[in-house]
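Here is how names work: the chains are called A, B, and so on, in the same order as the sequence lines, proteins then strands, and each is numbered from 1.
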Number of protein chains: 2
Amino acid sequence: MMRTPRPSRQSSQERQAGLIQAATTLFAKKGFNGTTTKEIARAAGISEALVFKHFPTKRALYAAILAEKVTVSELLSAIEESAKKRDDRRVFTLIASYRIRPGVDPTLLRLLLFSALEGHELSDMFFGKHHKVFYDHLAAYIQTRIEDGAFRRIDPLLAARAFIGMVVHHRLLHEIFGVPIDRPYEDTVSTYVDVFLNGLVATPPPGRTRKVRARI
Amino acid sequence: MMRTPRPSRQSSQERQAGLIQAATTLFAKKGFNGTTTKEIARAAGISEALVFKHFPTKRALYAAILAEKVTVSELLSAIEESAKKRDDRRVFTLIASYRIRPGVDPTLLRLLLFSALEGHELSDMFFGKHHKVFYDHLAAYIQTRIEDGAFRRIDPLLAARAFIGMVVHHRLLHEIFGVPIDRPYEDTVSTYVDVFLNGLVATPPPGRTRKVRARI
DNA sequence: TTCTGGTGAGTAAGTGATTACTTACCAGAA
DNA sequence: TTCTGGTAAGTAATCACTTACTCACCAGAA
């Protein structure tokens, strides 16, 4: 009879990191209620008891995951730089690409949705760190451009939400609802940015209902 | 000692309807895994055993909910009508309003997200009936308007997704993430439609990167 | 009118499996 | 020898689901 093979003895920190890693994957795939501590232990290659040596409860482990820091500082500084040059296309493309580009793993998005739906206490904070940053940055930029006279007078926060909405929705369709995406992602991003910027730039205000050559 | 008060004896159909109603609310609030059959029974005012007289398993009850028909035919015919008149604003406003207007209950949206995240078998069908309809209708209309020469040449499906994305994202922020919405919904819809239509109408094609008066 | 047997709505009280979490213990490096 | 990383084997609670029953009602036969 084979016993469980001797597990490599690791430092507390290493274990904790591996544990969080394994748990993140599972929570993202099946949600908090859909994931058992036994599963998590097996995925991390340890006994269930050890899970509770590291985290007092399952919720505490979940909370630790949501509370983990993320750094998007490189992206934000890139945006800042393009913003100084008033390179609208690039500012919008940077934000859109960050969310659409392939290879960006769906874990965080799923985790975010699950935590919000399941009503976890820390989901607000999670949302703030992963998403609100982008709205605020983009809204601030749009505000600036309105003051420049380059964009139409529009609620900047609403506009930022609208643009990010297009992009996030695209991801949602693809990764959560399994809608196949056939065209290369650069095309998609470019199209979104085109339409949105075109709709945003200051032009002679269009008539309320502009009907164009109805041919019936 | 009070016994449980005699429950009003109902017909099988009435019970089933009430059961589905109660279960829908709970599944939408806490997801499939987060809802227990005991809770459902209590919410429906019956014993747990009776739940299983109506549905063989908890999953079957869930499936029955997802499979329930929905009719959005009035909306679709209203859209059809405006489409014939080439009333762009109204077509887009109709679709947007349908999803943003207050009082539309968040149950369906939550149910949809939960079912997709939890990977339920019927979630595809659910998505198809509640959402895909809109993309397809809007995409078809956009296609028509492109052929009219009224809209820019653009992938109609992508454009439809983009617009609906803005709107759905708005709901998502509000109802799932609890972002407060301060302005009246008509304003929001109107702004979205404005920006999007403005970005869509055929104009002298803009230069690839149109930089506008950078003043630094 | 009054028995009577069938039927369908309803439940109390389980069933074993699974859940999150504990206890009591061990092996080895310092 | 004393921590530290580790586990096997629990525990009470809860889960989805069953079993074995009651009760109300109704259609006829007596």
task: Determine, stepwise, if the pair A/Glu39 / A/Lys30 fulfils salt bridge (charged side-chain N to carboxylate O under 4.0 Å, His left out).
output: CA-CA 11 Å; A/Glu39 274 179 309; A/Lys30 322 210 278 176; 2.4 Å; yes
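Between the base of C/dG8 and the side chain of B/Lys53 there is no donor-acceptor pair shorter than 3.5 Å.
Between the CZ atom of A/Phe52 and the C1' atom of D/dT4 there is a distance of 20 Å, given to the nearest Å. Atom-to-atom, CG of A/Asn33 to P of C/dT18 comes out at 18 Å; the value is rounded to the nearest Å. Spacing between atom CD of B/Gln16 and atom C1' of C/dG10 amounts to 15 Å, rounded to whole angstrom units. Summarising the geometry, the separation between CD1 on B/Ile40 and P on D/dC15 is reported as 11 Å, rounded to the nearest angstrom. Computed from coordinates, the B/Leu26 CG to D/dC15 P distance equals 13 Å when rounded to whole Å. Distance OH (A/Tyr62) to P (C/dA20): 14 Å, rounded to an integer number of Å. The distance between atom CG of A/Leu50 and atom P of C/dA20, rounded to the nearest whole Å, is 16 Å. When rounded to the nearest whole Å, the span between CZ of B/Arg42 and P of C/dT11 equals 14 Å.
Between C/dA20 and A/Thr37, a contact under 4.0 Å exists linking OP1 or OP2 to a side-chain N or O. Close to C/dG8, at under 4.0 Å from its OP1 or OP2, lies no side-chain N or O of B/Arg15.
Annotation: cation-pi pair B/Lys58/B/Phe32 present, NZ/CZ under 6.0 Å from the ring centroid and within 45° of its normal.
The partner of C/dG6, taking Watson-Crick or G-U wobble pairs whose two distances both stay under 3.5 Å, is D/dC25. Applying the Watson-Crick and G-U wobble criteria (two distances, each under 3.5 Å), C/dA24 pairs with D/dT7.
Each of A/Thr36 and A/Ala49 lies near DNA chain C, and the nucleotide nearest A/Thr36 is the one positioned closer to the 5' end.
Closest to the A/Gln10 side chain, of the nucleotides D/dC15, C/dA20, D/dG6, is D/dG6. In this structure, of C/dT11, D/dG5, C/dC21, it is C/dC21 that holds the atom nearest to the side chain of A/Glu48. Looking at the side chain of B/Thr57, the nearest of the listed nucleotides D/dC17, D/dA16, C/dT11 is D/dC17.
Minimum interatomic distance between B/Arg171 and B/Asp105 (heavy atoms only, all atoms of both residues): NH2-O, 3.8 Å. Here the closest non-hydrogen pair linking B/Gly34 and A/Asn33 is CA-ND2, 3.6 Å.
Screening residues 75-125 of chain A for ring-ring contact (aromatic ring centres under 6.0 Å, His included), with sequence neighbours left out, gives A/Tyr62-A/His120, A/Phe92-A/Phe163, A/Phe92-A/Phe196, A/Tyr98-A/Phe134.
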